[in-house]
Structures are given as C-alpha cells and as structure tokens.
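Report on one structure; see the data block that follows.
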Amino acid sequence: MRFSHLLLPTLKETPTEAEVVSHQLLLRAGFIRKLTTGIYIYLPLGLATLRKIEQVVREEMNRAGAQELLLPMVQPADLWEESGRWHKYGPELLRFTDRHDRPSCLGPTHEEVITDLVRREVHSYRSLPLNLYQIQTKFRDEIRPRFGLMRGREFVMKDGYSFDATEEAADRTYQKMNDAYHRIFRRCGLRFRAVEADTGSIGGSFSHEFMVLADTGEDTLVICTSCRYAANMEKATSQAPSAAPAGELRPLEKVETPGKRKVAAVAEFLGISPRELVKTMVYLADSKPVAVLVRGDHEVQPVKLKNLLGAVEVELATDQQVFDLTGVPTGYLGPVGLKLPLVMDREVAVLRNVVAGANEKNYHLRNVNPGRDFEAGQVADLRMVTVADRCPVCGSELELTRGIEVGHIFKLGIKYSQALKATFLDAEGKERPFIMGCYGIGVSRTIAAAIEQNHDKDGIIFPLPIAPFQAVVLNLSPNDGQITSAAESIYEGLRQQGFEVLLDDRDERPGSKFKDADLIGVPFRVTVGRKLAEQGMVEVRQRADGHTADLPFAEAVERLAEMIRAGLARYSIKNDE
RNA sequence: CGGGACGUGGCUCAGUCUGGUAGAGCACAGCGUUCGGGACGCUGGGGUCGGAGGUUCGAAUCCUCUCGUCCCGACCA
C-alpha cells in the first residue's frame, strides 16, 4: 500500500476527548474516528489490525472444531421474552419497533438466537457435539461508554456457543476452548493470564476470563507467585483462617468513642490495630437489608455477597437508609443486638475479644465474641483478597495486578436450553436439554488492550502478528530517481513474497515519515535515503527494541524477509503443543 | 440516574469575568528556500463562536431553554 493513496490521517496533537493511551494513539495514528458516543469508524489501518486478530481467532476456533456462521443483529422480542431476558436485561438492550410495531432489539449477545436455531435443527445426540461461532458487531447501550475501543457501545466480538450431550462432553469442550483461547492470545503476541471468574449475569456454573496484563486495566487480578492459581478480584479467595485461639472470653465492655466513626479513627483512639475491630456494613440485597461483618482491615466483596444471598443486585445502603433501618448513625453499628439479618466473613468467626459498634451514637463495645454475643445466619468468604493473604491452593504469597478482559469462557449448563426447551434425544430415546457453553472474545477491545500493553512515547508498538503492516519502506527522497527506484524495488520485492508492506512515498520531510512510522507501530522499518548513494546501504530498524542495522541494497529484500519470517515464527505454535 | 466541566475554522486552544462586530499555533492551497527525527519565509482560502429564544443601540461575551461532548460517583461506617 502506498501512503500517498492511503486514508491515514495521523495527528500531531492528542484530541482532548481521549483519556487513555490506547484511545489517544488509535486516534493519533489514524486507526479510528468517532462517529458518536461509543461508536467508531475503523479506518483502513484499524480495519487491517482488526482483520489480523479475527483471522487468528478463526484459525484457532476452526482448529478446535468450531464452525463459523453469522447470526442476525436485529432480533425479535419474543425470543427474549421466552428466555426471560427481555425484562431482566435492562436499558443496555437497545429496543425498538419496526414498521409493523413488532418489538425488536439489537443483539448484545446471541444465546437466544443460537439456541432457537439449534432446537429447531438438531434433535439427536448423534449430531453432538456442536460448536458454533460468529464474528460480528454487537450493540450494548452502555451507561457510560469510554476509553475508545475499550468500552464502546458498538464493538466487534467473536461469540461462540457449544452444545453437548453430557456433562463430561461439555467439560471437554470447555477445556478445548480454554486451550484455543490460550493459543489465540499467544499468537497475537500478548502477555495475558487466564483467571477464574464470577459468572455474572450470563449465568452458568464456572468460567474463566482472559486478561491482557496492563497497568491501565480496569480489572484487578490475584495471581499466586508460585503455583498456577489466578483469579479475578470478584472471585479470588485465600487460605482459610486457622481456628480461633483458645483463651479467656472477656466480659463485654462499653466504651465512649466520641465522633470516632471510621475504623482507623476508632482503632487509633482505643490504641488497637484495625484488625482487632469488626466493621458492620449494611447492604440492600434486592432491596432487603442485610448486615455484613468483616474485619476492620478488610473490605466486603459485593459479588461474593450477592452470590451467597442468591440476590440479583446488592448495593451498599446510604447513611440515611441505615439510620432509618436501625436508628443508629453509621460508624457505630455493631452485631450485638442488631435487628437485621447478619452474615459474617469467615475471618470474623475466628476473632476473640474484638471491638465493634455499640449500636449507639458515640459508643463502641470491647471484648465482642462471635457465638457468645451474636450469631450470624451464614459464615462465608465475603471479602476482597489483599496482598497480605496467602494462596488458597499452595499457601504462597499472592500478587495483585491489573488487567484488561479480552476473553471470557463460560460453562452455561442447561440455563438457556431449559428456558427455550432446546432438547435432543439421547441413545436411550430420552429427551434431554443440551449442555451449553459460551465463549466470547472482544476483538475490537483486543486492539485497545494490545496498545495499552505495547506502546512508548512515540506511539504504538504492535506485536508482529497483529500489526496492520509488517514493514514500512521509507522513501526519503521521492524526487531522487535512484533512491525512489530502490525503495520501489524493495517494496515490490517484499510484496511478491507475500508480506504486507506500506511504502511511504509522500513528498514529506524525513522527520514526518519517521514520526508517522513510529506512531502507527509497524514492526520493521526500512529507510532508503542518502546512505544508498553514499554506501549502497539501506537501514532496517525494529520498532520494538530500536535495533538498527545497515544492509546492502542488493540483499535487503532477502534479509528482511528472513527477519520477518523469524519474527512470525516466534508467535507460531506447533501442533503438538 | 446524580454531580462537575466544556462546546470558538479540520486539530489544540486564547478571547467570555469587565458587551463594541473574531484571533494564535498546527493542518490545508500557491510560490520560494529547505530535506535522515514532525523546517522556514511570503501569500491565500476557511468560522451563522453547538442550536433556539431573550436583554441591549450593539452579544462569542449577560439571561433562559435546548442539544452535544468529556470527566467523576454509585457512598468501606
């Protein structure tokens, strides 16, 4: 491709609307333009990278035995009524009526459509397993779209759905997809981790998220420093506490703590550490209040609470709501004598003689003991893991790091097949619901994640497999016949070997060409300029490490071809791996 | 939904408080000089100051409404 004919509008300055680096660079490097909130145009380079990732995804999905199809974006409401999600999904689902007043929606995901298809077309265990996927534009009317391609309303997603006859077969399919996902992100050249995750609103029995590691990620991951344990913060757990220490249970004692509401203030006032204190947090679980007890130095993990209670939504009560419910201002709440359902983190259960609110303004209680002074309805792991915790599997130290979710695989079970009555006949002629799984990859988000992970002050540093071009040839003097013909011949030579090459043939100053080449992140740069006339050499520079070498013009195409092939080989995966 | 900020040429922004009829840099077009890390000079084109209404002799500037964009928050007691 010739730069002079390419729609590649690079920007010197950073548009004010872009906050995060991937968004800034995608705009500056001429990959995307915004049409409206959360909706972006893919310019030629953006599309090139999108297609690269799609191709890796396709190859690995096909290799794992999945089949590609394409489902409609517009879906009828009746299917969503049938699954129950027409009412559950909320305003993220963009609804509208067509000219015949038929309620419809834009597909944010396709469980309903695919399940409907399979229930109509597949009736026997002999047709199973079946694994179907598509790569398609999804629409979710997000409350607050932001960060460019990271959280758009319209985005490109690979979504796959599997149908198996038995739990064991479904587990094998899940494992296959897990392997395929590892191969996909390795082949894209990204540093990532697969972590255990909460199943969230999609439901199902277990799931893993694939997280691209980047400090700017929105999610926190908990990773064991020695074994393979890794989990999303919502799901992460830690080594269970050892049993409560034996010893005297001292009598309750009420102490005045004027104006001390926060854990840190109370602890300091009483001369104790925050871990000798119990916090009482009031949550509303589907509008029903519940008090949650955690140690003073811990924080409630709302998703764990939600799962324990089987609630659809939990939220922290406001100060006013707490007062209305208990007659106690926040800061002085405690479990002793509290007239609310109680649940307790397992760490609280092993505490002895601790401090808690007295349910009276300006007073706390000393020597509170679970079991003696109060009973919790349920005891469970309800808190966020911290770096002070130990790995639940091997007991080693844990590390917290940030990541961007680019893939998510779920074992769904029979949630949708049951709701939509999608069944098959097994070998005994018995009717059974399909055991389903679903598997997503945010293809457009992966571009943003790749940039968050791989950039410097000059621009993007694309991993070779997903770069829009593998090499860029800079013709520094388009008006010089010798230089121009040399640049053209290197460009043509590489193209003939099947490489994707950009030729910068613009009548621009050299500085602009260097800057643009760095900005768009092309891995190999070939500069044809005065060194050619002086020494017969061209310069090759690698974007990632800045490594530079001069090559004789006559050997340039071959040497470069070797370098690109060697570079690509580093990301390929042998079939027996 | 709640809170904050901002809408001035393609981009980044000044001018708004204190009303007097629109500016800079970049980008774009032409000419000349330049040419290995975003050059320089001269000339030129381009803006109903987001929109509507109002106040005023006069509004980018003041008032009201409206649309759009960006950021923050979903309360750790």
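Sequence lines set the chain letters: A, B, ... in the order given, protein chains first and strands last, and positions in each chain run from 1. The structure displayed is predicted, hence computed values, not measured ones.
By the salt bridge (Lys or Arg N to Asp or Glu O under 4.0 Å) test, A/K138 pairs with A/D159, sequence neighbours left out. Looking at residues two or more places apart in sequence or on another chain, you find a side-chain hydrogen bond (donor to acceptor under 3.5 Å, both in side chains) between A/E558 and A/Q497. Under the rule for a ring pair (Phe, Tyr, Trp, His ring centres under 6.0 Å), the partners of A/Y332 that lie at least two apart in sequence or sit in another chain are A/H364. Shown here are the salt bridge (Lys or Arg N to Asp or Glu O under 4.0 Å) partners of A/D456, two or more places apart in sequence or in another chain: A/R543.
Contact annotation for A/R28: base contact, defined as any heavy-atom pair under 4.0 Å involving a base atom. No contact: A/K513 has no heavy atom under 4.0 Å from any strand. A/L519 comes within 4.0 angstrom of a nucleotide base, judged by non-hydrogen atoms across all strands. Here A/R525 lies in heavy-atom contact (under 4.0 Å) with a base. Nucleic acid contact for A/K34: sugar-phosphate only, since backbone atoms but no base atoms lie under 4.0 Å from a heavy atom of the residue.
Pairing of B/rU55, defined by two Watson-Crick or G-U wobble distances under 3.5 Å, is not identified with any nucleotide. When Watson-Crick and G-U wobble pairs are counted only if both distances are under 3.5 Å, B/rG36 pairs with no nucleotide at all. Shown here, B/rU12 forms a base pair with B/rA24; the pair counts as Watson-Crick or G-U wobble because both key distances fall under 3.5 Å. Using the Watson-Crick or G-U wobble rule with both distances under 3.5 Å, B/rC42 pairs with B/rG30. Pair assignment for B/rC1 gives B/rG73, based on Watson-Crick or G-U wobble hydrogen-bonding distances that are each under 3.5 Å. Nucleotide B/rG47 forms a pair with no other nucleotide shown, judged by Watson-Crick or G-U wobble geometry with both contacts under 3.5 Å. Pairing partner, B/rG7: B/rC67, with both Watson-Crick or wobble hydrogen-bond distances short of 3.5 Å.
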I'd like a table of donor-acceptor pairs (distance under 3.5 Å, sequence neighbours excluded) in which one partner is a side-chain atom from residues 518-533 of chain A, with atom names and distances.
{"residue": "A/R525", "atom": "NH2", "partner": "A/E539", "partner atom": "OE2", "Å": "3.3"}
{"residue": "A/K531", "atom": "NZ", "partner": "A/E539", "partner atom": "OE1", "Å": "3.1"}
{"residue": "A/K531", "atom": "NZ", "partner": "A/D550", "partner atom": "OD1", "Å": "3.2"}

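Look at the P atom in both B/rA22 and B/rU18: the space between them is 23 Å, to the nearest Å. Rounded to whole Å, the separation between the C1' atoms of B/rA59 and B/rU21 comes to 9 Å. If you take atom P in B/rC67 and the same atom in B/rG45, they sit 38 Å apart, rounded to whole Å. With both ends at atom P, the span from B/rU12 to B/rU69 equals 15 Å, rounded to whole Å. Taking atom P on both nucleotides, B/rU61 is separated from B/rU43 by 32 Å, rounded to a whole Å. For B/rG23 and B/rG9, the P atoms lie 14 Å apart once the distance is rounded to whole Å. B/rU55 and B/rA60: their P atoms are spaced 16 Å apart (whole Å). Between B/rU16 and B/rC62, the two P atoms lie 9 Å apart (nearest whole Å).
Proximity of A/T37 to the phosphate of B/rC70: a side-chain N or O atom is located under 4.0 Å from OP1 or OP2. Put simply, A/K12 has a side-chain N or O that comes within less than 4.0 Å of OP1 or OP2 on B/rA27.
Between A/P329 and A/T36, the one whose closest nucleotide on RNA chain B sits nearer the 5' end is A/T36.
Contacts classified as ring-ring contact (aromatic ring centres under 6.0 Å, His included) and involving residues 293-325 of chain A (residues at least two apart or in different chains) are not found. Residue pairs meeting the side chain to side chain donor-acceptor pair (under 3.5 Å) criterion with at least one partner in residues 32-46 of chain A, sequence neighbours excluded, are A/H23-A/Y40. Under the side chain to side chain donor-acceptor pair (under 3.5 Å) criterion, the residue pairs touching residues 341-359 of chain A are A/T237-A/R346, A/E347-A/R383, A/N353-A/N369, with sequence neighbours excluded. A side chain to side chain donor-acceptor pair (under 3.5 Å) check over residues 278-287 of chain A, counting only residues at least two apart or in different chains, returns nothing.
Using modelled atom types and a 3.5 Å distance limit, the side chains of A/T220 and A/R402 yield a donor-acceptor pair. A/T318 and A/Q321 are linked by a side-chain donor-acceptor pair at a separation below 3.5 angstrom, with hydrogens and angles left out of the test. For the residue pair A/T330 and A/R261, a side-chain donor N or O sits within less than 3.5 Å of a side-chain acceptor on the partner.
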Between the protein and nucleotides 72-76 of chain B, list every N/O to N/O distance that falls short of 3.5 Å.
{"residue": "B/rC72", "atom": "OP2", "partner": "A/R144", "partner atom": "NH1", "Å": "2.8"}
{"residue": "B/rC72", "atom": "OP2", "partner": "A/R144", "partner atom": "NH2", "Å": "2.7"}
{"residue": "B/rC76", "atom": "O2", "partner": "A/K279", "partner atom": "NZ", "Å": "3.0"}
{"residue": "B/rC76", "atom": "N3", "partner": "A/V300", "partner atom": "N", "Å": "3.2"}
{"residue": "B/rC76", "atom": "N4", "partner": "A/V300", "partner atom": "O", "Å": "2.7"}

Which atom pairs link the protein and nucleotides 29-35 of chain B when you take only N or O atoms and keep those under 3.5 Å?
{"residue": "B/rU34", "atom": "O2", "partner": "A/R509", "partner atom": "NH1", "Å": "2.5"}

Quick one: which protein N/O atoms are closer than 3.5 Å to N/O atoms of nucleotides 6-12 of chain B? Pair and distance per line, please.
{"residue": "B/rU12", "atom": "OP1", "partner": "A/T16", "partner atom": "N", "Å": "3.0"}
{"residue": "B/rU12", "atom": "OP1", "partner": "A/T16", "partner atom": "OG1", "Å": "3.3"}

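Note: CZ (A/R33) to P (B/rU69) measures 18 Å, nearest angstrom. As a whole-Å value, the separation of A/H23 NE2 from B/rC71 C1' is 13 Å. Summarising the geometry, the separation between CD on A/Q24 and C1' on B/rC70 is reported as 13 Å, rounded to the nearest angstrom. Between the P atom of B/rC71 and the CD atom of A/E218 lies a distance of 11 Å, rounded to the nearest Å. Atom CD1 of A/I520 and atom C1' of B/rG38 are 14 Å apart (whole Å). The nearest whole Å value for the distance from the CG atom in A/L27 to the P atom in B/rA27 is 19 Å. Residue A/D504 contributes atom CG, which lies 15 Å from atom P of B/rG38 at whole-angstrom precision.
A salt bridge does not link A/R140 with A/E154: every distance from a Lys NZ or Arg NE/NH1/NH2 to an Asp or Glu carboxylate oxygen is 4.0 Å or more. Comment: A/D516 engages A/R506 in a salt bridge, judged by a side-chain N to carboxylate O separation of less than 4.0 angstrom.
Taking 3.5 Å as the limit, the base of B/rG38 and the side chain of A/D516 contain a donor-acceptor pair of atoms between them.
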